[in-house]
Amino acid sequence: MRQAQRSRETSESSVSVSVDLDGTGTSEISTSVPFFDHMLTALSKHSLIDMEIRAEGDTHIDVHHTVEDTSIVLGQALGEALGDKAGIRRYGSAAVPLDEALASCVVDVSGRPYFVHVGEPEGQQYHLIGGHFTGSMTSHSLESLAFHAGLTVHLDLVRGRDPHHIVEAQFKAFARALREAVEFDARSSSVPSTKGVL
């Protein structure tokens with residue numbers, strides 16, 4: 001059973017996460033950051049990873065701490081659920097459009113955290129989406145997740161104009177690439193590395 005539960009308590013936030021890598025994409029998400037809830041719901045739906053996420057934090061100051069800590073705990077849960085990674089495809093890639101926006105993502109379940117994010121138009125990082133979520137949190141959230149799950153992620157925004165579409169296309173591209181990377185490979189049950197470990 002590729003499932004895990006993780007939690008984190010700090011003076012800035014309280015987060016609990018459970019995941020099932022072999023789910024159907026069902027989720028119960030409540031982070032007190034509505035647009036982030038929307039993105040995490042999309043992440044669950046399009047990765048087919050079941051997620052239960054509860055978070056509360058000092059959003060009266062800024063959403064930064066809550067988004068960051070939720071992403072950290074989600075990454076830890078994903079890493080734990082992957083176990084020794086035997087039999088997975090390891091690599092996944094996807095290109096996802098959302099109207100005028102197009103995002104491309106490649107994921108390697110490498111055990112070596114790395115995050116490359118390019119292509120967003122200048123000013124995207126300053127847009128306030130849904131009244132709470134600044135555009136810069138896209139990169140910070142997915143980088144935090146990747147680092148704590150042990151993923152190499154290359155995320156490219158190919159084009160886009162609407163700030164909402166830009167963020168959503170990127171989360172969905174990451175979700176589809178992650179889905180492929182963590183799926184079992186019908187042709188192999190071994191760890192997909194010449195080293196024998198990931």
*Asks:* For P121, check side-chain contact (heavy atoms from CB on, under 4.5 Å) against everything at least two apart and list the hits.
*Replies:*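 If we apply the side-chain contact (heavy atoms from CB on, under 4.5 Å) test to P121, skipping adjacent residues, the hits are Q124, L157, I166.
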*Asks:* Residues sharing V158's hydrophobic cluster, by side-chain heavy-atom contacts under 4.5 Å among ILVMFWY, directly or via others?
*Replies:*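 Members alongside V158: L102.
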*Asks:* Only counting residues at least two apart or in another chain, list the ones meeting side-chain contact (heavy atoms from CB on, under 4.5 Å) with H64.
*Replies:*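 So H64 forms a side-chain contact (heavy atoms from CB on, under 4.5 Å) with D62, E68, M137, H140.
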*Asks:* Would you please name every residue forming a side chain to side chain donor-acceptor pair (under 3.5 Å) with T31, sequence neighbours left out?
*Replies:*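 Expected list: D37.
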*Asks:* Which side-chain N or O atoms in residues 126-135 pair as donor and acceptor under 3.5 Å with protein atoms at least two apart or in another chain?
*Replies:*
| unit_1 | atom_1 | unit_2 | atom_2 | d |
| --- | --- | --- | --- | --- |
| H132 | ND1 | G130 | O | 2.9 |
| T134 | OG1 | S136 | OG | 3.4 |

*Asks:* According to salt bridge (Lys or Arg N to Asp or Glu O under 4.0 Å), who are the partners of E28, at least two apart in sequence or on a separate chain?
*Replies:*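 Checked E28 against salt bridge (Lys or Arg N to Asp or Glu O under 4.0 Å); matches are R54.
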*Asks:* Distance-only criterion, 3.5 Å: show the donor-acceptor pairs between side-chain atoms of residues 20-27 and protein atoms not counting sequence neighbours.
*Replies:*
| unit_1 | atom_1 | unit_2 | atom_2 | d |
| --- | --- | --- | --- | --- |
| D20 | OD1 | D22 | N | 3.0 |
| D20 | OD2 | Q3 | NE2 | 3.2 |
| D22 | OD1 | R2 | NE | 3.4 |
| D22 | OD1 | R2 | NH2 | 2.7 |
| D22 | OD2 | R2 | NE | 3.1 |
| T26 | OG1 | D50 | OD1 | 3.1 |

*Asks:* Using a side-chain heavy atom cutoff under 4.5 Å and only I, L, V, M, F, W and Y, what cluster partners does L198 have?
*Replies:*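 Under the 4.5 Å side-chain rule, L198 groups with V191.
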*Asks:* Who are the side chain to side chain donor-acceptor pair (under 3.5 Å) partners of S11, not counting sequence neighbours?
*Replies:*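 Testing S11 for side chain to side chain donor-acceptor pair (under 3.5 Å), a comparison that skips the adjacent residues, returns none.
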*Asks:* Quick one: which residue pairs count as a ring-ring contact (aromatic ring centres under 6.0 Å, His included) with a foot in residues 81-115, not counting sequence neighbours?
*Replies:*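 Qualifying pairs: F115-H117.
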*Asks:* What residue pairs, at least two apart or across chains, pass ring-ring contact (aromatic ring centres under 6.0 Å, His included) with a residue in residues 145-164?
*Replies:*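 Only F35-H164, H38-H164 qualify under ring-ring contact (aromatic ring centres under 6.0 Å, His included).
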*Asks:* Going by salt bridge (Lys or Arg N to Asp or Glu O under 4.0 Å), name the residues that satisfy it together with R8, two or more places apart in sequence or in a different chain.
*Replies:*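 So R8 forms a salt bridge (Lys or Arg N to Asp or Glu O under 4.0 Å) with D69.
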